[in-house]
Colleague: 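Okay, here's the structure, questions in a sec.
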2 protein chains.
Amino acid sequence: MITNLKNIKTIISSKGVKATFQRIKIMEYLLNNKSHPTVEEIFIALVKQIPTLSKTTIYNTLNLFVEKNIVKTLNFSGVETRYDVVAKSHHHFICKRCRKIYDVNVECNFLCDENKVVNGNQIEEVTGYFKGICKKCLNNDKALN
Amino acid sequence: MITNLKNIKTIISSKGVKATFQRIKIMEYLLNNKSHPTVEEIFIALVKQIPTLSKTTIYNTLNLFVEKNIVKTLNFSGVETRYDVVAKSHHHFICKRCRKIYDVNVECNFLCDENKVVNGNQIEEVTGYFKGICKKCLNNDKALN
DNA sequence: TTTTAAATTTGTAATCATTACAAAGTGAAA
DNA sequence: TTTCACTTTGTAATGATTACAAATTTAAAA
Ligand SMILES: [Mn+2]
Ligand SMILES: [Mn+2]
Ligand SMILES: [Zn+2]
Ligand SMILES: [Zn+2]
């Protein structure tokens, strides 16, 4: 996926959102940092380039993107919300040790329940939250033995 | 499942937690109200019986229960945390209209990844979050047509 | 039973993510 | 240029959760 200016503008404006400078920069950050960043992380990164940037703008923009189905939110622990550009449906793994969040691309058969009716309830969206210890932390454990 | 006093005490103390009056009442509430209540809801219900009850005690108790693996938390939207007594592994459906949370008991094959290693990451716990419109709200829609 | 120490509960203050709101800025149409 | 809608910004407010210390309860020791 090439995240050049033209593509970013297209992603934003195709959903009927005006591609302003701040919105482009926020989307660019999300596309280049698939680490499911928080508002704080996005702010710290972008305020270096845009010293006048307001954190409120990031909240406004992300809320707008969510509303327009351009990004999705992740809520792991009840602390900061994390953001993910809408893409191929996938799930998430959080490491209990280092708190890093990884994409999980294993096929889950409940995915096929999206847009279906189960128990009379119409399902529009399914997200799997996996918790455990990540590869890197497991290896660190081994190194200590 | 019979939620008499003896059973409640057993649930709590079998995990090495002292079964105090407040803890018993909180656990009793969770067992009798499988609606995934918030701290606020638990407080409003219990303060009628226990006028001296502090909201901090509910936070303390639930955090302890989570730590001891007696209850699990649900974080749907980044607002209030919701609580669920640990039981047979199941998933959750939230209605975008009425915000009610339902248990989802359909078998999901990613469930079998619990306690397995996927992509080098050790998975200990999996929760599925389903979003959509619930049966009741769908029926309300029909009634309006 | 009294004494004592540890655990628990409580109330209040602090923290922190997020939202509300109004003022200032921007840009395009009239 | 004037106007108007939209966007951005800064600050104040909100609300869930935690920190902390005082008060209370519990259980063991004497
Ligand atoms: Mn992702
Ligand atoms: Mn449940
Ligand atoms: Zn890790
Ligand atoms: Zn509903």
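Sequence lines set the chain letters: A, B, ... in the order given, protein chains first and strands last, and positions in each chain run from 1. Values below: every heavy atom of this structure, side chains too, minus hydrogens, waters and symmetry copies.
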Colleague: Taking it one step at a time, do Ile8(A) and Ile12(A) satisfy side-chain contact (heavy atoms from CB on, under 4.5 Å)?
Modeller: CA-CA 6 Å; Ile8(A) 296 170; Ile12(A) 296 172; 4.1 Å; yes
Colleague: Please verify the inter-ring angle class for His36(B) with His92(B); under 30° counts as parallel, over 60° as perpendicular, anything in between as tilted.
Modeller: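 Answer is perpendicular, since the angle exceeds 60°.
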Colleague: Could you give the CD1-to-P distance, from Ile24(B) to dT8(C), as a whole number of Å?
Modeller: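 Value for this atom pair: 13 Å.
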Colleague: To the closest 0.5 Å, what do you measure between CD (Glu40(A)) and NZ (Lys55(A))?
Modeller: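 Here the rounded value is 3.5 Å.
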Colleague: Ring-plane angle category for Phe93(A) and Tyr102(A), please: parallel below 30°, perpendicular beyond 60°, tilted otherwise.
Modeller: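 Rings of Phe93(A) and Tyr102(A): tilted, 30 to 60°.
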Colleague: Looking only at heavy atoms, what is the nearest atom pair of Gly128(B) and His91(B), with distance?
Modeller: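 For Gly128(B) and His91(B), the tightest heavy-atom pair comes out as N-ND1, 2.6 Å.
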Colleague: Do Arg82(A) and Glu41(A) have side chains that get closer than 4.5 Å, going by heavy atoms?
Modeller: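 They are in contact (side-chain heavy atoms under 4.5 Å apart), so the answer is yes.
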Colleague: Using a 4.0 Å cut-off on heavy atoms, which residues in residues 42-68 of chain A reach DNA chain C? List them by number, or say none.
Modeller: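 Those residues are Thr56(A), Tyr59(A), Asn63(A).
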Colleague: Mind listing the N/O atom pairs, protein and nucleotides 25-30 of chain C, below 3.5 Å?
Modeller:
none

Colleague: Taking the side chain of Thr81(B) as heavy atoms from C-beta outward, which of dT9(C), dT18(C), dT17(D) is closest to it?
Modeller: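 Shortest atom-to-atom distance from the side chain points to dT17(D).
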Colleague: In terms of the nearest nucleotide of DNA chain D, which residue is placed more toward the 5' end: Lys18(B) or Gln22(A)?
Modeller: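 In this pair, the answer is Gln22(A).
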Colleague: Remember a base hit wins even if backbone is also touched, and classify Thr38(A) as base, sugar-phosphate or nothing at under 4.0 Å, heavy atoms.
Modeller: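 Nothing: the residue Thr38(A), judged by heavy atoms under 4.0 Å, touches no strand.
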Colleague: Would you call the rings of Tyr129(B) and Phe76(B) parallel, tilted or perpendicular if under 30° counts as parallel and over 60° as perpendicular?
Modeller: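 The arrangement is perpendicular - the two ring planes meet at more than 60°.
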Colleague: Closest approach of His90(A) and Val104(A), non-hydrogen atoms and distance?
Modeller: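 Result for this residue pair: CB-O, 3.6 Å.
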